Structures are given as C-alpha cells and as structure tokens.
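All ligand and atom numbering here is 1-based and tracks the order in the structure. Worth saying up front: this structure is predicted, and the values here are computed from it rather than measured.
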Amino acid sequence: MGKWWSALFGIVMLACLGMFMVAPFVPTWWLPEGVSTHSGQVDALFYIILYITGFFFVLTEALLVYFMYKYAGQPGTTPRPTEPAAQGGFYAMLHRWFPDAHRVEVAWTIVPALILLFIAFAQVPTWLEIKDRSRKPAIGGEKTPIQCHVSARQFEWRVRYPSSQRLRNWQTFTTNEKTIADFKSFASFDGAKPRHPHLDDVPVVNEVHTWKGQTILVQLNTIDVIHSFNVPHMRVKQDALPGRTIPVWFTPTKANTRYNEETKRWEDAFNFTTGKPDMGYRWEIACAELCGWGHHRMIGRIYVHENKADFYRWLEHVEQSQAPPTKPQQKVAAR
Ligand SMILES: [Cu+2]
C-alpha cells in the first residue's frame, strides 16, 4: 500500500496543475478582461506572483511525491534511523552538497525573504497610482474627473450624481474658485451623509456611469456595516468603512453601454468591437465583504458610455424623469 500514497498525491497535484494550465483558455475560469488604464499593471503583478509561487509549488510538490514514493514504509519492515549518506542515490548527492542542514535552513529562509522583499517593492508604483491620495484626480485641467457619491448599505449601492449642470461646470470652469469649492463641497460628509446635498442631485441605484477614457472619482462610504466596492473588470476593490469616506478612482478604456432604440433604454453588456450584446461586457460591482443575509444580491453595474455626449444624454434623461412634480422645497433631506 505504502507506495500508492505517493501516486494519489501525485495524481491530485498533476490534476491541479492541469486545471491551472487549461483555465486561461476556458471562458469565465480566469481573470475577466481588464478594462481600466491600470489593469495591465495589476495583472502584471498578479502574474509575477503566480509564476513565483507556481514554480515553488511544483518544485515542493514534486519533491514531496518523490520522497513519499522512495521512503514509503513496506509491510513487514520496521523503520530505523539511518545515516542519510548511507542511503545512496539522490539523497546522498544532496547530502554531499549540503552536509550541514544548517546551510539549507539559511537558504530557505533567505530566498523567500528576498522574494517577499522583491514583491513588496515591485507593487509600490501600482499601489500608489491606484490608491495614494496624492494621486487622486483633482479638478483642474483636462484630467478633471467626474465625481459621484456611492453610499453602500444593506443591501444596495445608492449613487448620487451632481446635476448635469454642475457636472458640466466642474468639467468646464476647472480653475474657477467657486467651481473648485463646489467640487470639494460635493465630497464633504457628516458621517456618511453629504453635508451639502442639492435638490437637483441625481440619485440612481446600483449604477455607476462614466464614459470611455473619462476618469471617475467615486466618494465611497457606508451608512451601516463594512461593505467592499469590488469591480473586477476595472481591477478596483475598496472597502467601505463606517465613519469614513474613501475616494476611489479609475479610468475605463472600453465602453459597454449604448442607447437601445428598440427598448428606449441605456443597456450595458454591449461589445462595440463586434457590435453585439456580450455578457463579457457586463461589468459588475459585487460587494466583496460579507455584510449580512442579503450580501449576495448587493450587485451593481458599471455603465461606460461611448462618449461624453451619450453620458450627458443619459444623465439629463434621468434628471428629467426624476424631477419632482410639484414645486421643490427649499431644503432637501440628506439621503
Ligand atoms: Cu455589502
């Protein structure tokens, strides 16, 4: 029986390895297509780590299976301690190279330490670009982001856009002091509540819109427990923490949303290259923090319009359809 254990381990490990090699070619088994400007960098880090860990996984598993086979106990024999060198073969060769196990231990401590240090430093530029607040896109010049507020709650994402008029101002008068103040006041919160909500703010649920090539700055917070704003296609993941508003930004490189003349709606999951609906172009915001019984249905979507004009057409459409039927009151209740 003894030697069969090594076969079992060997087969399971080979099956795992085989699945790994096949996965990138099977739809939905591997990483979704990256469609933000920084997704290439994130993927590069992912692959560096995967290759390093993959190499050592295969190496250590192969050694494990080999030793399980070679030194399997046989029925009727009692194990006894032996001098490793006396056993000959591969083990003796190893023993010649490393007569002192102390050196081996030093080696397997230093090598992983160096690899970890390498990974730690290699990821810094990407991390800074995605997360560091000094790189946060700010109002001013061509790179002025559009800004929205995403308020997470059990169990949905409530999204607040400024009115199309204010958004246009932010994008046009980017050096005007009043506009800059207005841009900042949108992101000013008392707890999770906006300090300066406007009557004409545009609320939508479970939808975040921008257009191709346009950076969006999401002011993320939560009114209840911890949630996580996870957009795999954009390679974006950020926890929403009670009591804090955390800026999140990304720039899509592809569009997935068009106005469907037949249904009279803006529909995502559209592949502009093929000109056909394509589920690979449905870009979900999936809450990535177990936040309660309805966690699984806390799914939003990212709508990337083809261009600025189409985005504003959508925003104005929502504005008009949500305009209050009666005369607006002076103050709007904070959402
Ligand atoms: Cu959640």
Side-chain angles (χ1 to χ4, degrees), residues 28-36 38-39 42-43 45-46 126-127 130-133 136-137 145-162 186-195 197 201-210 215-252 256-257 266-269 279-304 314-315 318 322 332-335:
T28 74
W29 276 22
W30 203 241
L31 293 178
E33 185 185 358
V35 289
S36 67
H38 65 249
S39 52
V42 175
D43 291 3
L45 286 171
F46 172 83
T126 308
W127 179 262
I130 303 173
K131 298 277 188 184
D132 193 75
R133 295 202 185 186
K136 182 178 79 176
I146 59 172
Q147 187 175 219
C148 73
H149 165 210
V150 170
S151 168
R153 61 200 55 205
Q154 292 170 314
F155 294 96
E156 63 185 16
W157 309 96
R158 292 233 185 129
V159 184
R160 177 174 65 103
Y161 276 90
F186 185 87
S188 163
F189 294 89
D190 178 12
K193 284 184 189 165
R195 240 184 263 272
D201 281 347
V202 184
V204 284
V205 178
N206 291 335
E207 293 182 15
V208 169
H209 290 246
T210 182
T215 304
I216 179 161
L217 176 60
V218 173
Q219 303 290 350
L220 177 69
N221 57 29
T222 165
I223 64 160
D224 41 51
V225 298
I226 302 178
H227 299 274
S228 184
F229 183 80
N230 178 33
V231 190
H233 286 87
M234 300 294 166
R235 306 292 191 262
V236 163
K237 192 185 216 175
Q238 175 61 57
D239 281 5
L241 305 177
R244 291 184 63 187
T245 298
I246 301 173
V248 179
W249 59 91
F250 57 91
T251 312
N256 72 341
T257 299
W266 275 268
E267 290 173 359
D268 64 340
M279 285 310 282
Y281 282 69
R282 172 159 290 178
W283 300 334
E284 280 183 352
I285 309 164
C287 183
E289 185 67 56
L290 185 56
C291 56
W293 63 271
H295 164 68
H296 65 282
R297 61 180 173 83
M298 197 165 164
I299 296 174
R301 302 224 293 261
I302 302 282
Y303 290 76
V304 181
W314 164 78
L315 187 60
V318 180
Q322 295 187 342
V332 56
R335 280 160 26 88

Whether His209 and Tyr303 hold their rings parallel, tilted or perpendicular, with breakpoints at 30° and 60° = parallel
remark   = Residues passing the ring pair (Phe, Tyr, Trp, His ring centres under 6.0 Å) test with Phe250, sequence neighbours excluded, are none
ask   = Is Arg160 close enough and on-axis enough to Phe186, meaning under 6.0 Å and within 45°, for cation-pi?
value = yes
query = Within the distance-only criterion (no hydrogens, no angle test), does the side chain of Glu156 pair as donor or acceptor with the backbone N or O of Met298 below 3.5 angstrom?
reply = no
request  = May I ask you to determine how many protein N/O/S atoms are under 2.8 Å from the Cu ion (ligand 1)?
outcome  = 4
key: Validation row, ring centre Phe155 to ring centre His296 under 6.0 Å   = no
key: Residues, nucleotides or ligands: over 12 heavy atoms within 6.0 Å of Lys237 NZ   = no
